[in-house]
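Reading through the structure tokens given below for one structure.
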Amino acid sequence: MTTKTLLEHRETPAWRALAAYHAHFGETHLRTLFGDDPQRFERFSVGAAGLTLDYSKNRIDEHTMALLFELARERGVETARDKMFAGASINNTEGRAALHVALRSPVGTHIEIDGNDVMPTVLAMRERVGEFVEAVRSGRRTGYTGECFTDVVNIGIGGSDLGPAMACEALAAYGHARLNMHFVSNVDGDQLAAVLNRVDPARTLFVIASKTFTTIETMTNAASARTWFLASGASESDIARHFVAVSTDVAKVSDFGIDEANTFAFWDWVGGRYSMWSAVGLSIALWVGRDHFEAMLEGAHEMDRHFAESPIEVNMPVILAMLGIWYRNFFGTASVCIAPYAQALSRMPAYLQQLEMESNGKSVSRDGVPVSVATCPVVWGEPGTNGQHAFFQLLHQGTELIPVDFILPLKSAHDLPGHHRLLIANCIAQSKALMVGKTAEEVRAELVAAGMSGAALEALVPHRVFPGNRPSSTIVLPALTPRTLGALIALYEHKVFVQGVVWGINSFDQWGVELGKRLASRIGAELAGGPPCGGDASTRGLIALARAAGE
Ligand code: G6Q
């Protein structure tokens with residue numbers, strides 16, 4: 001079985017051709033490639049949905065790209081893509097479609113699952129979200145004392161937190177002046193307590209977001225928020241005005257005490273980490289308003305159309321995905337760095353960490369046999385320019401080859417003079433420095449110019465040499481708007497999908513998350529005095545320590 005998969009991946013013509021070409025071309029320096037081709041930027045950049053991807057600073061030439069596209073075709077990327085858009089049950093281990101693209105499709109679209117058009121319910125829910133959001137933002141819907149809401153607390157975790165939290169921060173420039181957004185995800189009560197200390201119960205709206213409505217962190221935080229609310233003097237009947245839920249399980253929401261009128265549903269064919277386009281985006285819509293929320297959906301839809309309709313040679317998600325495959329599988333890189341040159345995108349690396357690592361952090365193929373090639377790399381990052389004063393040292397001179405995605409909005413939301421130009425200059429300078437590096441000759445010339453000579457000069461040279469040839473891509477946004485944010489996220493979603501197809505894995509399940517959820521509940525029961533959950537000496541020892549501390 002294992003051998004069969006091994007052959008499937010490595011023994012295919014395109015994979016073999018790439019391996020052979022890597023051996024021949026792989027070490028060619030980017031300086032040489034740029035020196036040989038003044039048109040390299042034009043040749044290796046592509047536009048889609050208002051975004052530009054400059055991928056010229058990657059260790060590729062036209063032949064590499066042709067082979068990578070051949071690999072994409074060989075692995076069935078186009079067929080798989082069409083199946084996803086057609087609502088096929090591509091999440092095979094859970095027997096579900098993965099139809100987040102339907103959530104951002106416009107009126108007039110028909111997308112069927114098992115012969116049923118999902119669009120009427122999608123559009124009806126979009127309308128309900130829009131109406132609710134308008135009522136809260138306009139002040140028509142108030143808290144139980146008649147005061148307008150000033151604070152929204154989104155309680156959710158993972159896919160029910162990261163997307164809304166990331167988008168609300170990204171779109172802060174579009175936020176409602178009266179509202180403050182808070183996100184509580186961790187079961188560590190420090191996070192909820194800090195929020196509850198800052199807000200007034202009479203003016204606070206809680207959005208409980210949970211696909212399953214069983215997740216222990218969210219249920220615990222929601223229950224504590226409700227207790228706190230009642231302890232403030234509100235009555236049970238006031239809960240309806242202050243607590244709304246977003247879930248696929250309306251019955252469980254009702255057991256919790258939130259009635260259907262305050263429940264916004266979504267469907268099992270929406271994966272948690274792909275759910276910010278559904279009612280899970282309620283907090284985003286509350287913050288930026290209905291029109292801006294819908295503009296975000298439109299931007300994502302534009303990227304969907306591009307992905308669905310463009311030939312793979314000019315298909316931005318496919319290109320980004322295949323570059324990742326080139327590094328991961330042929331250069332053996334273990335991580336990728338996400339460097340948004342936008343403070344507003346500070347949660348983007350965390351968001352992409354979940355999107356990529358939960359989707360493609362798998363070692364078994366769709367048909368259940370071990371994957372013979374490396375799959376998802378570690379995804380990490382921080383906004384620039386902060387990263388430059390921290391980990392960029394390793395990117396420039398460390399022993400690891402780490403491809404970087406720079407994300408660069410060209411216009412700022414603020415009008416402080418000078419800042420944005422400096423930010424852009426730094427972003428471009430970093431990608432250039434990673435690419436060209438600095439040779440020993442250049443270092444010597446610099447040191448001589450600075451008045452150094454002899455042994456002292458020579459001793460410094462090796463420390464100041466930069467190898468360069470460190471690849472990066474730059475994704476340029478005209479500005480960070482709801483529309484471009486939507487397109488950017490959809491770009492990465494489809495990139496992840498394409499890589500999953502190439503690796504032959506199911507990008508839409510997450511059994512690794514389930515394991516932790518189950519074990520925590522058994523250990524939690526033991527901590528509460530329940531029967532020993534058995535197991536290893538370390539687990540027993542740690543449980544004993546916690547119990548001795550009174551937990
Ligand atoms: C996402 C994952 C996971 C999930 C959380 C929260 O794709 O499945 O991150 O979103 O575990 O789950 P609930 O939304 O069901 O509370």
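Numbering starts at 1 and runs along the sequence shown. Both ligands and their constituent atoms are indexed starting at 1 by order of listing. Side-chain atoms are counted along with the backbone in the values below, which use heavy atoms only and exclude waters and symmetry mates.
- In this structure the side chain of Trp277 never reaches within 4.5 angstrom of the side chain of Val270, judged on heavy atoms.
- Remark: Trp228 CH2 to Asn197 CG distance equals 9.0 Å, nearest 0.5 Å.
- Residues satisfying the salt bridge (charged side-chain N to carboxylate O under 4.0 Å, His left out) criterion with Glu78, sequence neighbours excluded, are Arg73.
- Under 4.0 Å from any atom of ligand 1, one finds heavy atoms of residues Ile157, Gly158, Gly159, Ser160, Ser210, Lys211, Thr212, Thr215, Gly272, Arg273, Gln354, Glu358, Gln510, Lys517.
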Without placing hydrogens or testing angles, list every side-chain donor-acceptor pair under 3.5 Å for residues 522-530, not counting sequence neighbours.
| residue | atom | partner | partner atom | Å |
| --- | --- | --- | --- | --- |
| Glu526 | OE1 | Cys533 | N | 2.8 |

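- None of Glu356, Arg328, Lys362 except one satisfies the side-chain contact (heavy atoms from CB on, under 4.5 Å) rule with Cys376; the exception is Glu356.
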Could you list the donor-acceptor pairs under 3.5 angstrom formed by side chains in residues 116-136, with sequence neighbours left out?
| residue | atom | partner | partner atom | Å |
| --- | --- | --- | --- | --- |
| Asp117 | OD1 | Ile111 | N | 3.2 |
| Asp117 | OD1 | Met119 | N | 3.0 |
| Asp117 | OD2 | His110 | ND1 | 2.8 |
| Thr121 | OG1 | Val118 | O | 2.8 |
| Arg126 | NH1 | Ser105 | O | 3.2 |
| Arg126 | NH2 | Leu103 | O | 2.8 |
| Arg126 | NH2 | Ser105 | O | 2.8 |
| Glu127 | OE1 | Arg290 | NH2 | 2.6 |
| Glu127 | OE2 | Arg290 | NH2 | 3.1 |
| Arg128 | NH1 | Thr263 | O | 2.9 |
| Arg128 | NH2 | Ala261 | O | 3.1 |
| Arg128 | NH2 | Thr263 | O | 3.2 |

